[in-house]
Amino acid sequence: MENKEEKKDLKKWPYWVLTLLFLMFSVVCFKWGRTIHLFDNEYVADNEILGTFGDFFGGVLGTIFTFISVLLVVKTFRYQQTVTKDNQKQQETQRFNDVFFELLRLYQSEVKELNGMLERIVEIKKEEKEEEQEETYRVKKEQIQYNDKDFFDEEKTLIQKKYRNLNSYKDNIARSVNYYMLFYTKNHSKMAAYYRTLYRIYELIDKTTLIDEYQRKDYSKIVRAQLTESELFFLRYNAMTIYGKQFVFYINKYHILKHLPAFELLEFKDWWKNMSVLEREGVNMIFLSICKFLKDVFANGAVDQKYQIEIFPSESGGRFQLVLTLVNRCDFRIKLTINKSNTHFTNEFLGLYKMEDKKIQQLLDCFIKEIFLYSNFNYYNKMSEIETYSSPIIAKGSFVEIDSGIKNKKNNPLVIRYKPEN
């Protein structure tokens with residue numbers, strides 16, 4: 001604001017200069033007139049000369065004042081135009097805000113529509129009657145009252161209980177989407193309206209010309225703050241179907257799934273199914289620490305350098321030490337060292353304590369695939385250029401070394417998040 005005021009003051013300097021020149025000219029004329037006795041009663045003024053002087057003086061001053069008047073009129077006109085444009089922009093911005101918050105209210109009403117009294121199948125029991133020699137099934141149902149966002153939490157828990165893992169992470173992704181589609185088919189009418197409303201909000205934010213990129217982020221964060229972890233869970237799987245394909249761009253650009261706990265996904269059930277809540281949260285912290293390192297390096301690091309960090313330092317004397325290495329942005333490696341003679345470890349590694357070494361390596365492999373491939377829905381890194389790898393597990397006395405990695409075979413930089421096009 002201060003800079004704007006300074007610029008306005010600078011634009012006024014021609015008017016101040018002309019005014020000062022006129023005052024100086026008047027003072028000089030008055031002083032000169034006294035010196036030559038122009039205003040002395042002993043002398044008689046020559047009206048013809050004074051008239052000529054007056055015509056000259058008035059003509060010059062008249063021209064100057066006319067010029068100043070024109071400048072002021074132009075200045076006033078421009079100012080009025082600026083005020084009009086500012087008012088129009090304020091009105092348009094206000095209309096944008098009205099539409100934005102009205103859509104947010106519509107989103108909240110769509111969430112309420114998903115709640116209420118619902119009937120859910122609890123058990124299907126097979127019964128055989130010897131007399132009729134045919135199989136019958138007894139279906140047990142119960143009425144459930146959903147409030148607030150219970151619907152998403154309960155449905156997520158149901159899917160997690162039913163889901164069964166396959167042998168590969170890619171196959172698990174496909175199966176997870178199939179399980180999600182069963183849920184979506186059952187709740188199609190309400191969920192479709194829910195997703196359309198969310199999509200419309202982000203479309204409004206992205207396409208408006210009334211706000212800049214920083215403001216877009218602020219508005220998107222307002223929406224993201226409304227979404228629970230369970231909602232993000234369903235939003236991820238919906239984006240992997242034909243129904244959510246268009247939403248993928250906004251999910252990536254505005255990092256909508258930023259707060260989704262990756263280790264809660266169906267694909268990881270083979271690891272978390274026997275873990276406590278604390279153990280799951282610890283593994284999630286490991287995943288988030290890896291993501292933070294990559295985010296910082298990709299945002300600020302040079303392309304042709306090697307970066308390495310030990311995110312759980314060995315100085316702490318723990319059982320597990322995790323080292324992350326990124327070379328030229330095209331080769332990323334995770335190395336985990338386990339000191340099995342050490343019984344001390346932090347909460348982050350509680351979930352890994354009972355795992356076999358091979359199982360831990362498989363988990364690291366899946367973490368890498370999730371970060372670079374599936375969390376952005378294969379939009380950034382070309383599958384044909386990507387190679388994942390893991391070295392044989394090395395055991396030296398009580399120490400075990402496990403590593404996994406990913407690299408671009410053409411040495412092109414790996415990409416983990418959306419960047420605006422130039």
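Just so you know, residue 1 is the first one in the sequence shown, and it goes up from there. On a predicted model such as this, the values are computed, not experimentally measured, just so you know.
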Undergrad: What do you reckon, are the aromatic ring centroids of Phe234 and Phe183 less than 6.0 Å apart?
TA: yes
Undergrad: Give me each pair satisfying salt bridge (charged side-chain N to carboxylate O under 4.0 Å, His left out) with a member in residues 236-259, each pair once, sequence neighbours excluded.
TA: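 Only Asp206-Lys253, Arg236-Glu267, Arg236-Glu370 qualify under salt bridge (charged side-chain N to carboxylate O under 4.0 Å, His left out).
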Undergrad: Report the distance from atom CD1 of Ile368 to atom NZ of Lys407, rounding to the nearest 0.5 Å.
TA: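 Going from the CD1 atom of Ile368 to the NZ atom of Lys407 covers 12.5 Å.
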Undergrad: NZ of Lys409: more than 12 outside heavy atoms within 6.0 angstrom?
TA: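 Correct, the count exceeds 12.
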Undergrad: Please report the C-alpha distance between Trp272 and Val283 in whole Å, then the side-chain angles of each, then the deciding distance to 0.1 Å, and finally whether the side-chain contact (heavy atoms from CB on, under 4.5 Å) criterion is met.
TA: CA-CA 9 Å; Trp272 56 250; Val283 179; over 6 Å; no
Undergrad: Please walk me through it: do Glu155 and Lys186 pass side-chain contact (heavy atoms from CB on, under 4.5 Å)?
TA: CA-CA 11 Å; Glu155 291 295 330; Lys186 185 177 68 173; 3.9 Å; yes
Undergrad: Please name the pair of heavy atoms, one in Phe151 and one in Leu114, separated by the smallest distance, quoted to 0.1 Å.
TA: CD1-O, 3.4 Å
Undergrad: Does Ile205 offer a backbone N or O that forms a donor-acceptor pair with the side chain of Thr208 under 3.5 Å?
TA: no
Undergrad: About how many Å separate CD1 of Ile371 and CG of Asn381, when rounded to the nearest 0.5 Å?
TA: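 The distance works out to 11.5 Å.
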Undergrad: Shortest non-hydrogen contact from Gly351 to Met275?
TA: O-CE, 3.2 Å
Undergrad: Which atom names give the shortest non-hydrogen contact between Glu110 and Ala193, and what distance separates them?
TA: OE1-CB, 3.5 Å
Undergrad: Going by the rule side chain to side chain donor-acceptor pair (under 3.5 Å), which residues pair with Tyr374 if we only count those two or more places apart in sequence or in a different chain?
TA: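 In terms of side chain to side chain donor-acceptor pair (under 3.5 Å), with neighbours along the sequence ignored, Tyr374 is linked to no residue.
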Undergrad: Could you tell me whether a side-chain N or O of Asn408 sits under 3.5 Å from a main-chain N or O of Ile386, the two making a donor and an acceptor?
TA: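 Side chain of Asn408 to backbone of Ile386, a donor-acceptor pair under 3.5 Å: no, none is there.
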Undergrad: Please collect all salt bridge (charged side-chain N to carboxylate O under 4.0 Å, His left out) contacts where either partner lies in residues 276-295, sequence neighbours excluded, each pair once.
TA: Glu264-Arg280, Lys292-Asp296
Undergrad: Can the positive tip of Lys156 be found less than 6.0 Å from the middle of the six-membered ring of Phe233, inside 45° of the ring normal?
TA: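 Lys156 over Phe233 ring: yes.
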Undergrad: How long is the straight-line distance from CD1 of Ile201 back to CG of Leu204, given to the nearest 0.5 Å?
TA: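 Atom-to-atom, Leu204:CG and Ile201:CD1 are 8.5 Å apart.
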Undergrad: Going through the distances and angles, do Ile402 and Thr337 end up as a side-chain contact (heavy atoms from CB on, under 4.5 Å)?
TA: CA-CA 6 Å; Ile402 302 172; Thr337 302; over 6 Å; no
Undergrad: Closer than 3.5 angstrom, by distance alone: can the side chain of Asn165 be matched with the main-chain N or O of Asp270 as a donor-acceptor pair?
TA: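 The answer is yes, because a donor-acceptor pair under 3.5 Å joins these two groups.
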Undergrad: In terms of ring plane angle, is the pair Phe298 and Phe372 parallel, tilted or perpendicular, where the classes change at 30° and 60°?
TA: perpendicular
Undergrad: Set out, in order, the CA-CA distance, both residues' side-chain angles and the distance that settles side-chain contact (heavy atoms from CB on, under 4.5 Å) for Ile334 and Thr325, then state yes or no.
TA: CA-CA 7 Å; Ile334 301 175; Thr325 306; over 6 Å; no
Undergrad: With a 4.5 Å heavy-atom cut-off, do Ile338 and Leu352 have their side chains touching?
TA: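 Not in contact.
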Undergrad: Determine whether the side chains of Asn376 and Tyr418 contain a donor N or O and an acceptor N or O closer than 3.5 Å.
TA: no
Undergrad: Looking at Glu102 and Arg105, does any basic side-chain N land under 4.0 Å from a carboxylate oxygen?
TA: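 Salt bridge flag = yes for Arg105 with Glu102.
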Undergrad: Of the non-hydrogen atoms in Asp365 and Ser404, which two are nearest, and what is the gap between them?
TA: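 Nearest pair, atom of Asp365 first, then Ser404: OD1-OG, 2.5 Å.
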Undergrad: For the ring pair Phe367 and Phe287, is the centre-to-centre distance below 6.0 Å?
TA: yes
Undergrad: Would you give the length of the straight line joining atom CD of Glu387 to atom CD1 of Ile406, rounded to the nearest 0.5 angstrom?
TA: 9.5 Å
Undergrad: Atom CZ of Arg329 and atom CG of Leu414: how far apart are they, to the nearest 0.5 Å?
TA: 10.5 Å
Undergrad: With a sphere of 6.0 Å drawn around CD of Gln246, does it hold more than 12 non-hydrogen atoms of other residues, nucleotides or ligands?
TA: no
Undergrad: With a 4.5 Å limit on heavy-atom distance, are the side chains of Leu336 and Gln321 in contact?
TA: no
Undergrad: Would you please indicate if the ring centroids of Tyr199 and Tyr107 are separated by under 6.0 Å?
TA: no
Undergrad: Below 4.5 Å, heavy atoms only, C-beta onward: do Lys335 and Leu322 meet side chain to side chain?
TA: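 SC-SC contact between Lys335 and Leu322 ruled out.
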Undergrad: Using a distance-only test with no angle check, is there a side-chain donor-acceptor pair under 3.5 angstrom linking Glu385 and Asn412?
TA: yes
Undergrad: Heavy-atom count around Lys269 NZ within 6.0 Å, excluding the residue itself: above 12?
TA: yes
Undergrad: Going by distance alone, is a donor N or O of one side chain under 3.5 Å from an acceptor N or O of the other, for Thr228 and Glu231?
TA: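 Short answer, yes.
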Undergrad: Quick check on the 6.0 Å ring-centre criterion: do Phe96 and Tyr219 meet it?
TA: yes
Undergrad: I'd like to know whether OH of Tyr380 has more than 12 heavy-atom contacts from other residues, nucleotides or ligands below 6.0 angstrom.
TA: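 Check passes, neighbour count above 12.
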Undergrad: Of all the heavy-atom pairs spanning Leu104 and Gln226, show the shortest one and how long it is.
TA: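 What the structure gives for the nearest pair is CD2-CG, 4.2 Å.
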Undergrad: Is there a side-chain contact between Gln362 and Trp271 (heavy atoms, below 4.5 Å)?
TA: yes
Undergrad: Do Asp331 and Tyr389 meet the criterion of a side-chain donor-acceptor pair at a distance under 3.5 Å?
TA: yes
Undergrad: Check whether any side-chain heavy atom of Arg175 lies under 4.5 Å from a side-chain heavy atom of Leu266, and answer yes or no.
TA: no
Undergrad: May I ask you to test the Gln361-Asp357 pair for a side-chain heavy-atom distance under 4.5 Å?
TA: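 No, too far: nothing below the 4.5 Å cut-off.
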Undergrad: Examine distances only and state if a side-chain atom of Arg319 and a backbone atom of Phe349 form a donor-acceptor pair shorter than 3.5 Å.
TA: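 Answer holds: no.
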Undergrad: If you measure from CG on Leu257 to CD on Glu229, what distance do you get to the nearest 0.5 Å?
TA: 12.0 Å
Undergrad: Is the count of non-hydrogen atoms from other residues, nucleotides or ligands lying under 6.0 Å from Asn167 atom CG greater than 12?
TA: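 Not more than 12 within 6.0 Å, no.
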Undergrad: So, do Tyr195 and Phe247 have ring centers that fall under 6.0 Å from each other?
TA: no
Undergrad: When the ring centroid of Phe268 is compared with that of Tyr169, is the distance short of 6.0 Å?
TA: yes
Undergrad: Kindly indicate whether the side chain of Lys306, heavy atoms from C-beta on, has any atom under 4.5 Å from the side chain of Asn328.
TA: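 A side-chain contact is absent here, since even the closest heavy-atom pair is not under 4.5 Å.
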Undergrad: I need the minimum non-hydrogen distance between Asn252 and Ser375, along with the two atoms involved.
TA: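 Looking at all heavy atoms of both residues, the closest pair is OD1-O, 4.1 Å.
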Undergrad: Decide yes or no for Met191 and Arg196: does some side-chain heavy atom of the first lie under 4.5 Å from some side-chain heavy atom of the second?
TA: no
